[in-house]
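In what follows, every heavy atom counts, from backbone to side chain, and hydrogens, waters and symmetry copies are set aside.
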Amino acid sequence: MPQALRTTLLSLRDLALTAGPFILLALALLVAAYVMLDPTPPKHLVLATGVEQGAYAEFGKRYAAMLKQHGITVELRTTQGAADNLALLGNPASGVDVAFIQGGSDEERDEAGNNDAPPDTTLQSLGSMFYEPVWLFYREDSARRLLKADTLSNLSQLVGWKLNVGAQGSGVPPLMDKLLEANHVDPATIQLSRQPLTPAVVEFLGGKLDALVLASAPESLMVQMLLQTPGVRLADFAQAEAYSRRFPFMSPVKLPRGVVDLARDIPPQDVHLVAPVATLVARDTLHPALVQLLVQAARQVHADAGWFQKKGEFPNGQTNAYPLAREAERVYRDGVPWLQRYLPFWVANLIDRMWVVLLSIVTLLIPLSRVVPPLYELRIRSRVFRWYGQLRAVEDAVDTKPAQDLLTELDAIETKVGQVSVPLSYADELYSLRSHIQMVRRRLQGR
């Protein structure tokens, strides 16, 4: 091996051995920070939606398509509605990470037999997403037969009607209980049925039901169909403002005239409705990066103007039942992180969550790194200076040992020193040692 290459390799080895502990310390700190911060989110997410043809299901498909662009697979879990979703979120064994929840569902749950139960502190809100109007559809012929009138104007007129309020697990049955109670209507005076949406619509259109009620965004296929079905009318909640005062989780909304079909003028007049606000609720263990992606997807899905909201009204960070997730609050406040506008999500997310730690590690290591040059210098110079001890021992023995023996020891020292390699910047130390060996040799030869 050429001497120059050998010297270079030895210098690199010395540098590695000197700086190695600091490199290992930096790596250990990085690994510890990575484990504690867990910056890389899981690639699988379970989202509880609702019935097959409901608005929750439609929105869930859009969320899944958007998160798939970032490598996240969203499993859509079909349920009967908000009550089922809330129960799944409250059960860690269900595997559900996030779900659509109808406004007021948490209150309904408590009143269903658990009034004193404290709120679930393991859940957090990702914000309010959209209005979920209460749609009360009724048959015109039923109104004429039971009311001797063309229109249903008050919930108290439902006495004696055959009304479907939705299946168990939906948020509608307990909601209707509240509305009927507010109108002093005994549910026993109404022929209530609790069928799932699809079979209930079939019976409703077949004349076996007089009315049915559902709470859903207008994107629901069933809502769209019923609004345009001849012989079916939508009840007008003329007291919508009063309902919103009685039930804080409800808002008064208005279905504008002609918004369903301008050409056919459907509906033929403005219709007043009451609407809970749907929220996206997640476990507090959901990875912050997934919270960020879900809120970003929500801003794309729900931000446009609709039948009941203005452009940009939803989604928003207003929430009452559950605390707003910190990462969701950050997205609502600052928008899409700056790095994600120029880098892939995974890279931007890693930098975004690790830069503070990286800066802290660098701040810690910079003072420590000042020790490396002196240690490196000490390591190289000690390779030369350790021979001065043996050279000094030979010189001190001039008066006690035969000169020939000392010359033999000196030859051995010189031979070993000749095998020492040091960087060129420290060559003067090595040549100085050799000159001192020759000086001691001349002294011994002079005797």
Side-chain angles (χ1 to χ4, degrees), residues 1-40 346-347 350-447:
M1 180 183 297
Q3 183 63 29
L5 178 59
R6 181 170 179 270
T7 301
T8 302
L9 292 177
L10 287 173
S11 300
L12 291 176
R13 185 197 68 178
D14 290 327
L15 182 61
L17 291 174
T18 304
F22 299 96
I23 296 174
L24 291 176
L25 175 61
L27 291 175
L29 291 174
L30 280 174
V31 171
Y34 187 91
V35 172
M36 292 179 63
L37 295 177
D38 189 21
T40 305
W346 296 100
V347 178
L350 181 63
I351 296 174
D352 184 45
R353 306 198 179 282
M354 292 291 290
W355 72 269
V356 175
V357 174
L358 290 174
L359 184 61
S360 302
I361 292 175
V362 170
T363 304
L364 174 66
L365 292 181
I366 283 179
L368 294 178
S369 65
R370 296 176 182 175
V371 182
V372 175
L375 288 177
Y376 177 73
E377 181 180 357
L378 178 63
R379 182 179 181 84
I380 298 299
R381 296 184 70 182
S382 66
R383 194 178 297 165
V384 176
F385 289 165
R386 66 193 182 94
W387 297 108
Y388 275 103
Q390 298 187 32
L391 183 61
R392 182 67 177 269
V394 171
E395 186 177 18
D396 290 343
V398 168
D399 298 327
T400 59
K401 285 187 179 181
Q404 189 59 45
D405 292 345
L406 295 176
L407 285 172
T408 301
E409 291 183 27
L410 197 62
D411 290 340
I413 292 174
E414 187 173 22
T415 299
K416 293 179 180 179
V417 168
Q419 298 173 356
V420 174
S421 296
V422 294
L424 292 177
S425 57
Y426 295 91
D428 57 334
E429 306 283 356
L430 184 60
Y431 283 108
S432 177
L433 173 60
R434 289 179 176 176
S435 65
H436 291 153
I437 291 174
Q438 294 305 321
M439 182 184 70
V440 174
R441 184 185 298 280
R442 285 193 297 271
R443 182 179 176 187
L444 290 173
Q445 289 174 344
R447 293 189 63 213

I need the minimum non-hydrogen distance between I413 and W387, along with the two atoms involved. CG2-CE3, 4.3 Å

I'd like to know if the side chain of T415 reaches the main chain of D411, judged simply by a donor and an acceptor atom lying under 3.5 Å from each other, with no hydrogens or angles considered. yes

Report the C-alpha distance between V440 and V398 in whole Å, list the side-chain angles of each, state the deciding distance to 0.1 Å, and finish with yes or no for side-chain contact (heavy atoms from CB on, under 4.5 Å). CA-CA 10 Å; V440 174; V398 168; 5.9 Å; no

Assess the residue pair V394 and L444 against the criterion (side-chain contact (heavy atoms from CB on, under 4.5 Å)); give the C-alpha distance rounded to whole Å, side-chain angles, the decisive distance to 0.1 Å, and a yes or no. CA-CA 10 Å; V394 171; L444 290 173; 4.2 Å; yes

Apply side-chain hydrogen bond (donor to acceptor under 3.5 Å, both in side chains) to E409 and Q390, showing your working. CA-CA 9 Å; E409 291 183 27; Q390 298 187 32; over 6 Å; no

If the threshold is 4.0 Å, N to carboxylate O, is there a salt bridge linking R443 and E395? yes

Nearest 0.5 Å please: distance from the CD atom of Q445 over to the CD atom of Q438. 8.0 Å

Looking at CD of E414 and CG of L391, how far apart are the two atoms once the value is rounded to the nearest 0.5 Å? 10.5 Å

CG of L406 to CG of D396, rounded to nearest 0.5 Å, is 10.5 Å

Kindly compute the distance separating CG (L407) from CZ (R441), expressed to the nearest 0.5 Å. 6.5 Å

Near Y388 OH, under 6.0 Å, is it more than 12 heavy atoms from other residues, nucleotides or ligands? yes

